[in-house]
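Structure first, commentary second.
In what follows, chains are A, B, ... by sequence order, proteins preceding strands, each numbered from 1.
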Number of protein chains: 2
Amino acid sequence: MNAWEILERKSIRATPARKSILEVLLKERCPLSYREVAARLPEGQDRVTLYRTLLLLFKEGIVHRVLDMKGTWRFCAHDSGHPGCPGNHPHFACRVCGRMECLIGSNLPFVEVEPGTEVEGKHMVIYGVCRDCLVKRTKKRGAGSL
Amino acid sequence: MNAWEILERKSIRATPARKSILEVLLKERCPLSYREVAARLPEGQDRVTLYRTLLLLFKEGIVHRVLDMKGTWRFCAHDSGHPGCPGNHPHFACRVCGRMECLIGSNLPFVEVEPGTEVEGKHMVIYGVCRDCLVKRTKKRGAGSL
DNA sequence: TACCTCCCCGCAACACTGTTGCATTTACCC
DNA sequence: GGGTAAATGCAACAGTGTTGCGGGGAGGTA
């Protein structure tokens, strides 16, 4: 399903700004910060419109969002082929390149809370160094020690 | 163990600012934001010093920190009676009052990541409405319907 | 087609968290 | 008590995210 169809199905006006923002998220399958989305949009896109659109897409359930280790929101769209989407999975954040990935394979585990508490959702971020950055680091070390 | 002893044991200069900040965290057992810590300190405490001190306490392993649902760091000190402290447990964040609690009872669950990835840590936040806020809400509704 | 209304967009301004550089002051060791 | 390295306070900055407001465009109605 493309951006236009998704917006149409939710009865949201498919304006150029919304279409292009959603297209960016549909293309990149990992959670992007507002800054990363902006970098993939034609220059001149208003900052506030981008924020508002991301929030709209989130509230409509079209994308999910997760906080990275810097405290900024990242937004991600998966098509409906993934059960439990949007959002019901842990995420991995690379400390080196800052990239984040959805760990689609596993669902968020159950955690017991104090009785009488109303649970609305949960977030889980695993952080460390991704494979690409580990490889780069190893290569650098190798070159340096020659 | 009091603040002075903790700092002494880690060979950190026990300045008044550090002692009072650590005392606040030792007293309140739930993760506090810089703003909440500042509110519990005598007025006039410098913002930057507070940030630097919180970061120092975290890096020294005296406190742990966790991101709340607004993307701000919260710092928390537990004494060493808790196994896996500091930090190896999920947290609960109340959407209404903003308060956060440590779910000391359970450890962070294992999650499988892509092979070749280096995992350094993980964060888990369960969000919803805490018991106190639920009670208040119920009372309000009750009063309104009379 | 003309009009009208609602919603989207862009701009300006703001609040807040967190960081950096630098000069001054302080705690600790001798 | 003096010297030194570290801690503090101040000013300034960067970045994220929000709010208010006016203009303009899309879509519906007559």
For atom [atom1] of [X] and atom [atom2] of [N], their distance in whole Å:
X	N	atom1	atom2	value
E43(B)	dG9(D)	CD	P	14 Å
L41(B)	dT8(D)	CG	C1'	14 Å
K59(B)	dA7(D)	NZ	P	13 Å
L50(B)	dG18(C)	CG	C1'	11 Å
W73(B)	dG18(C)	CH2	P	9 Å
Y51(B)	dT8(D)	OH	P	16 Å
L57(B)	dA7(D)	CG	C1'	13 Å
L7(B)	dA6(D)	CG	P	17 Å

* To do: Name all residues meeting the side chain to side chain donor-acceptor pair (under 3.5 Å) criterion together with D46(A); count only those two or more places apart in sequence or in a different chain, and write none if there are none.
  =>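 With sequence neighbours excluded, D46(A) shows a side chain to side chain donor-acceptor pair (under 3.5 Å) to T49(A), given in chain and number order.
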
* Would you say the side chain of R47(B) and the base of dG9(D) hold a donor-acceptor pair, judged only by whether the two atoms sit under 3.5 Å apart? ->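 Side chain to base: no pair present.
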
* R40(A): what forms a side-chain contact (heavy atoms from CB on, under 4.5 Å) with it, not counting sequence neighbours? -> V24(A), E28(A), L32(A), E36(A)

* Just jot down the ring-ring contact (aromatic ring centres under 6.0 Å, His included) partners of Y34(B), sequence neighbours excluded, or say none. =>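 Counting only residues at least two positions away or on another chain, Y34(B) forms a ring-ring contact (aromatic ring centres under 6.0 Å, His included) with Y51(B).
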
* Asked: Which one of I21(A), N2(A), I6(A) satisfies the side-chain contact (heavy atoms from CB on, under 4.5 Å) criterion with L26(A)?
  -> I6(A)

* In residues 31-39 of chain B, what residues come within less than 4.0 Å of DNA chain D, judged by heavy atoms? -> none

* Asked: Should the pair H123(A) and W73(A) be assigned to parallel (<30°), tilted (30 to 60°) or perpendicular (>60°) ring geometry?
  ->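 Perpendicular.
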
* Specify whether H89(A) and H64(A) have parallel, tilted or perpendicular ring planes, treating 30° as the upper limit for parallel and 60° as the lower limit for perpendicular. =>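 H89(A) and H64(A): perpendicular rings.
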
* Asked: Is the backbone N or O of E60(A) less than 3.5 Å from a side-chain atom of K10(A), with the two atoms forming a donor-acceptor pair by type?
  ->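 Pair found, side chain donor or acceptor close to backbone of E60(A).
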
* To do: Can you sort out the partners of E120(B) under salt bridge (charged side-chain N to carboxylate O under 4.0 Å, His left out), two or more places apart, ordered by chain and number?
  => R95(A)

* Could you tell me the separation between the CZ atom of R65(B) and the NZ atom of K59(B), rounded to the nearest 0.5 Å? =>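 The NZ atom of K59(B) is 8.0 Å from CZ of R65(B), to the nearest 0.5 Å.
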
* To do: At under 4.0 Å between heavy atoms, which parts of nucleotides 5-11 of chain C does protein reach? Answer with one letter per nucleotide, 5' to 3': B base, S sugar-phosphate only, - none.
  => --SSSBB

